[in-house]
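Notes follow once the structure below has been shown.
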Amino acid sequence: MRGATTTNDEPAPRRRTRRHDPNRRERIAEVALEVIADRGLEGLTHRAIAERADVSLSSTTYHFADREALIHAALDLAADRFAAQVRRWAEEFEGLDREQLAERLTDGVLAYIGDDGTRSAAVVEYELHVAALRRPELREAAGRSARATVEALTPHFGPAVAATVPPLMTGLCLHAMTSPATPAREEILTVLRQALAGTGS
């Protein structure tokens with residue numbers, strides 16, 4: 001029969017069944033985060049995502065028309081996750097004094113510059129801030145984690161301390177991640193102690 005067999009009378013290959021994947025858009029955005037963490041924004045392409053996500057190239061372009069749409073979706077996801085993490089983290093600070101807060105923030109810096117998945121999240125966060133320098137449309141997402149930090153810490157430590165923590169942590173983490181040698185814990189703790197001690201309520 002026509003179309004049923006090959007020229008060698010062997011059964012024709014079955015057409016590949018399309019996989020039901022209702023969360024494909026979210027999965028592509030997730031993989032985009034991984035690519036940014038590994039290669040930076042310059043390494044983010046539809047092809048790189050398709051290969052890593054094991055989807056067709058046409059699937060990535062269907063959900064995200066261009067590279068800018070991919071960047072926005074990935075970095076928006078990163079900002080939301082970071083803000084949620086900050087809120088959970090701040091819940092552990094209830095009842096702490098400033099010395100204890102400095103200790104906990106020091107541990108946070110060391111976690112972010114470690115070699116686990118937390119470092120990858122920090123890399124993406126800094127990519128977001130750098131991208132926002134030239135892309136005003138990314139600035140809302142870039143500032144989301146700082147706003148979440150201030151909002152979460154204000155009830156425990158007051159607005160002045162809460163406003164001090166985001167830029168302080170950003171600078172310490174970025175410095176530590178780009179330094180040839182990992183700063184000692186006491187060095188980080190000393191900076192945080194002094195900054196928090198000099199902050200009014």
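Atom set for the values below is all heavy atoms of this structure, side chains included, hydrogens, waters and symmetry mates excluded.
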Examine [X] and [Y] and state if one hydrophobic cluster contains both, with Ile, Leu, Val, Met, Phe, Trp and Tyr joined whenever side-chain heavy atoms are less than 4.5 Å apart.
{"X": "M177", "Y": "V191", "value": "yes"}
{"X": "F64", "Y": "L57", "value": "no"}
{"X": "L196", "Y": "L189", "value": "no"}
{"X": "V150", "Y": "M169", "value": "no"}
{"X": "V123", "Y": "I113", "value": "yes"}

Check this for me, if you would: do [X] and [Y] make a salt bridge, where the nitrogen-to-carboxylate-oxygen distance has to be below 4.0 angstrom?
{"X": "R47", "Y": "E51", "result": "no"}
{"X": "R52", "Y": "D38", "result": "yes"}
{"X": "E30", "Y": "R81", "result": "yes"}
{"X": "R185", "Y": "E103", "result": "yes"}
{"X": "R147", "Y": "E140", "result": "yes"}

Is there side-chain contact between [X] and [Y], with at least one heavy-atom pair below 4.5 Å?
{"X": "E68", "Y": "R135", "result": "yes"}
{"X": "F157", "Y": "D97", "result": "no"}
{"X": "V86", "Y": "L153", "result": "no"}
{"X": "L172", "Y": "T106", "result": "no"}
{"X": "I49", "Y": "L44", "result": "yes"}

Identify the two heavy atoms, one from G40 and one from E127, that lie closest to each other, and give their separation to 0.1 Å.
-> CA-OE2, 3.3 Å
Closest non-hydrogen contact found for A197 with R98 is O-NH1, 4.4 Å
Regarding T60 and H46, is there a side-chain donor-to-acceptor distance under 3.5 Å anywhere?
-> yes
With a 3.5 Å distance limit and no angle check, can you tell me whether [X] reaches the backbone of [Y] through a side-chain donor-acceptor pair?
{"X": "Y126", "Y": "T170", "answer": "yes"}
{"X": "H129", "Y": "A142", "answer": "yes"}
{"X": "S179", "Y": "H175", "answer": "no"}
{"X": "N23", "Y": "E26", "answer": "no"}
{"X": "T154", "Y": "E151", "answer": "no"}
{"X": "R27", "Y": "A53", "answer": "yes"}

Within this structure, what is the [atom1]-[atom2] distance for the pair [X] and [Y], rounded to the nearest 0.5 Å?
{"X": "E92", "Y": "L96", "atom1": "CD", "atom2": "CG", "result": "9.0 Å"}
{"X": "D66", "Y": "I71", "atom1": "CG", "atom2": "CD1", "result": "8.5 Å"}
{"X": "L77", "Y": "L128", "atom1": "CG", "atom2": "CG", "result": "11.5 Å"}
{"X": "I188", "Y": "L110", "atom1": "CD1", "atom2": "CG", "result": "4.5 Å"}

Anything under 30° is parallel, anything over 60° is perpendicular, the rest tilted; go ahead and classify Y112 against F82.
-> tilted
Check step by step if salt bridge (Lys or Arg N to Asp or Glu O under 4.0 Å) holds for E34 and R39.
-> CA-CA 8 Å; E34 297 175 10; R39 308 182 186 180; over 6 Å; no
Is the CD atom of E94 crowded by more than 12 outside heavy atoms at less than 6.0 Å?
-> no
